[in-house]
**Q** 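If you scroll down you'll find the structure; I have some questions about it.
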Amino acid sequence: MRIGVIGAGYVGLVTGTCLAEMGNRVTIADIDRRKIAMLRKAQSPHYEPGLADLLARNIAEKRLFFTNRTAEAVRDTTAIFIAVGTPQDEDGAADLSYLEQAMRDVAAAMRGYRLVIIKSTVPAGTNRRLTKLLRQLTRYRFDMVSNPEFLKEGAAIDDFMRPDRIVIGVRSKRAALLMKQIYSPFVRTGQPIMIVNPESAEMIKYVSNAILASRISFMNEMAWICSAVGADIDLVRIGVGADKRIGPSFLFPGLGYGGSCFPKDVRALACLAESLGLKATMCRAIDEVNVNQWNALFPFIEREFGDDLQGRRFALWGLAFKPRTDDVREAPALHLARELVRRGATVKAFDPVATQSAQKVLGNSISYARSLYAALDRADALVIATEWNEFRTPDFSEFTRRMRRCVIFDGRNIYELALMRELGFTYYSVGRPPIRSGRNNCSGDILARKSSRKRKKGLP
Ligand code: NAD
């Protein structure tokens with residue numbers, strides 16, 4: 001099939017590339033000239049594991065094309081996926097202006113029937129509203145489909161290629177048939193294609209994100225209670241997650257969720273409810289708990305260094321809102337960095353792939369290290385904001401060698417308490433008992449520590 005995609009962002013680019021991989025001829029349009037120039041050279045404008053290879057192959061095999069002109073993605077195509085951003089407006093509601101502009105661009109280029117597919121996350125009622133708009137703008141026939149996307153950045157290719165389910169919100173049989181034709185190669189192991197009305201499709205996306213966000217916020221609230229009563233939230237998490245009715249996913253406490261979806265989607269859902277005269281108590285609480293959680297480490301930082309951080313040097317590991325992406329939108333790490341700087345500290349950050357994106361937002365307010373260990377040089381403390389795998393088993397002797405003191409504020413609970421105790425580090429995490437060791441009493445090597453203790457006791 002000939003397919004157009006409007007928007008070459010995290011969703012549009014993966015959607016278009018995966019559709020090309022299945023043999024479709026895909027043209028992706030974006031108004032961002034820099035992105036399209038990069039993509040024409042088979043360079044991805046953002047980091048996503050596995051994307052670079054797929055891009056290169058499909059461009060070389062002449063199934064994947066890029067353009068700055070929407071008309072080129074609409075003129076000879078049957079189906080047009082719209083994957084432009086729907087950020088939050090100043091009131092917290094979804095800003096649909098990019099989507100409306102894309103609709104105008106599509107209308108101007110239509111020369112016959114088109115299947116117009118809304119992939120962007122939108123409030124219930126948007127399909128109806130955009131159908132009305134497009135009807136005013138074109139004399140050609142079309143079907144407007146709501147097809148929310150559930151991919152996760154960092155695992156987007158796999159998610160798109162092997163989705164848990166495909167949700168299709170349609171009002172016509174023809175549109176349902178065409179959508180099934182597009183998606184049949186992706187559901188060969190029997191994942192369901194759900195055909196529902198557009199309002200239900202739109203709500204399935206928002207409710208999914210709100211439930212996932214609610215689990216995170218709920219566990220973050222529980223983490224504070226665990227701390228206060230001397231429980232360990234990670235043991236509680238495992239105990240609770242073993243219940244089949246609950247399951248183990250999305251129960252990890254930490255610095256709260258970020259990214260381009262959960263924060264804005266939970267707020268947009270609340271705004272939608274309130275615009276209908278309904279209460280959004282749960283959605284508002286999920287958001288409030290999360291925003292407070294961005295500050296979760298500051299009580300510990302104050303306990304260790306006081307309010308005024310003038311002259312203190314912090315290493316910051318992780319800038320992306322989660323591992324395996326360079327996306328820093330609403331990343332808790334950015335909030336942390338800003339707050340440390342506001343309190344007078346200097347910050348040197350390391351992230352395996354998100355440094356450039358963070359630099360666009362934070363500029364020179366902090367400095368950026370080339371390696372995880374270089375960030376530690378002469379630091380008073382390390383703050384961990386993103387749980388990249390390479391942070392999980394570092395060479396702890398580098399900490400003792402490079403840092404002024406071995407103090408870690410771990411916003412993602414990536415180290416075992418027993419290990420930190422054994423190494424003699426001062427270690428604060430979320431919802432677990434703090435470990436405070438005496439000054440200069442740390443070692444990066446458990447074996448060295450054990451033998452020095454034995455020597456002190458006069459043991460062989
Ligand atoms: P993004 O900001 O990365 O990409 C949007 C792209 O659309 C940008 O490149 C922008 O230049 C382009 N654009 C805007 N107006 C345009 C126009 N008129 N014509 C052509 N291009 C235009 O956004 P994203 O993260 O890909 O998200 C897109 C949508 O998908 C949002 O609604 C989001 O909520 C939803 N979504 C995102 C994810 C995710 O993980 N990022 C997952 C599921 C759903």
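Counting starts at 1 for both ligands and their atoms, in listed order. This structure is a prediction, so every number in the text was calculated from the model and none was measured.
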**Q** Just going by heavy-atom distances, which of Arg104, Glu153, Lys205 is nearest to atom 40 (O) of ligand 1?
**A**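 Comparing heavy atoms across Arg104, Glu153, Lys205, the nearest one to atom 40 (O) of ligand 1 lies in Glu153.
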**Q** Under 6.0 Å between ring centres, would you say that holds for Phe300 and Phe409?
**A**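 Ring centres of Phe409 and Phe300 not closer than 6.0 Å.
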**Q** Could you check atom 18 (N) of ligand 1 against the protein and tell me its nearest heavy-atom contact, residue, atom and distance included?
**A**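 Ranking protein heavy atoms by distance from atom 18 (N) of ligand 1, first comes Asp105 OD2, 3.4 Å.
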**Q** Is ligand 1 under 4.0 Å from a heavy atom in the side chain of Gln88, in the backbone, in both, or in neither?
**A**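 Looking at Gln88 and ligand 1, no heavy atom falls under 4.0 Å.
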**Q** One pair to check against salt bridge (charged side-chain N to carboxylate O under 4.0 Å, His left out): Arg267 and Glu330. What are the steps and the verdict?
**A** CA-CA 13 Å; Arg267 287 174 207 144; Glu330 299 231 22; 3.2 Å; yes
**Q** Taking non-hydrogen atoms only, is Asp327 closer than 4.0 angstrom to ligand 1 via side chain, backbone, both or neither?
**A**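 For Asp327, no heavy atom sits under 4.0 Å from ligand 1.
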**Q** Between Tyr257 and Phe252, does the ring centroid distance fall short of 6.0 Å?
**A**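 Judged by ring-centre distance (under 6.0 Å), Tyr257 and Phe252 do not meet the cut-off.
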**Q** Any atoms of ligand 1 less than 4.0 Å from a non-hydrogen atom of Ser120? List them with their elements.
**A**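 With Ser120 as reference, the close atoms of ligand 1 come out as 29 (C), 30 (O), 32 (O).
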**Q** How does Lys35 reach ligand 1, by side chain, by backbone, by both or by neither, if only non-hydrogen atoms under 4.0 Å count?
**A**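 It is the side chain that touches ligand 1; the backbone stays farther off.
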**Q** Please say whether the positively charged group of Arg111, taken as NZ for Lys or CZ for Arg, lies over the ring of Tyr140, i.e. under 6.0 angstrom from the six-membered ring centre and within 45 degrees of the axis.
**A**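 Ring-cation test returns no.
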**Q** With heavy atoms of Thr86 as the reference, note each atom of ligand 1 found under 4.0 Å away.
**A**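 Taking each heavy atom of Thr86 in turn, ligand 1 has 31 (C), 32 (O), 34 (O) under 4.0 Å.
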**Q** Taking 4.0 angstrom as the limit, do Glu274 and Arg284 come out as a salt bridge?
**A**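 Yes, Glu274 and Arg284 are salt-bridged.
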**Q** Around atom 44 (C) of ligand 1, find the nearest protein heavy atom and jot down its residue, atom name and distance.
**A**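 Closest protein heavy atom to atom 44 (C) of ligand 1: Thr121 OG1, 3.5 Å.
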**Q** Counting from 1, what ligand 1 atoms have a heavy atom of Arg329 closer than 4.0 Å?
**A**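 Matching atoms, with element in brackets: 1 (P), 2 (O), 3 (O), 23 (O), 25 (O).
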**Q** Mind checking whether Ala83 contacts ligand 1 via backbone (N, CA, C, O), side chain (CB onward), both or neither, at a 4.0 Å heavy-atom cut-off?
**A**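 The answer is the backbone of Ala83.
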**Q** Can you check whether Trp317 and Tyr415 have ring centres sitting under 6.0 Å from each other?
**A**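 No; Tyr415 has its ring centre 6.0 Å or more from that of Trp317.
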**Q** Mark up the atoms of ligand 1 that fall under 4.0 Å of a heavy atom belonging to Tyr98, in ascending order.
**A**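 This gives 14 (C), 15 (N) as the contact atoms.
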**Q** With the threshold set at 4.0 Å, does a side-chain nitrogen-carboxylate oxygen contact exist between Asp234 and Arg237?
**A**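 Counted as a salt bridge, because a side-chain N and a carboxylate O are separated by less than 4.0 Å.
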**Q** Would you call the rings of Tyr183 and Phe160 parallel, tilted or perpendicular, where under 30° means parallel and over 60° means perpendicular?
**A**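 Rings of Tyr183 and Phe160: tilted, as their planes differ by 30° to 60°.
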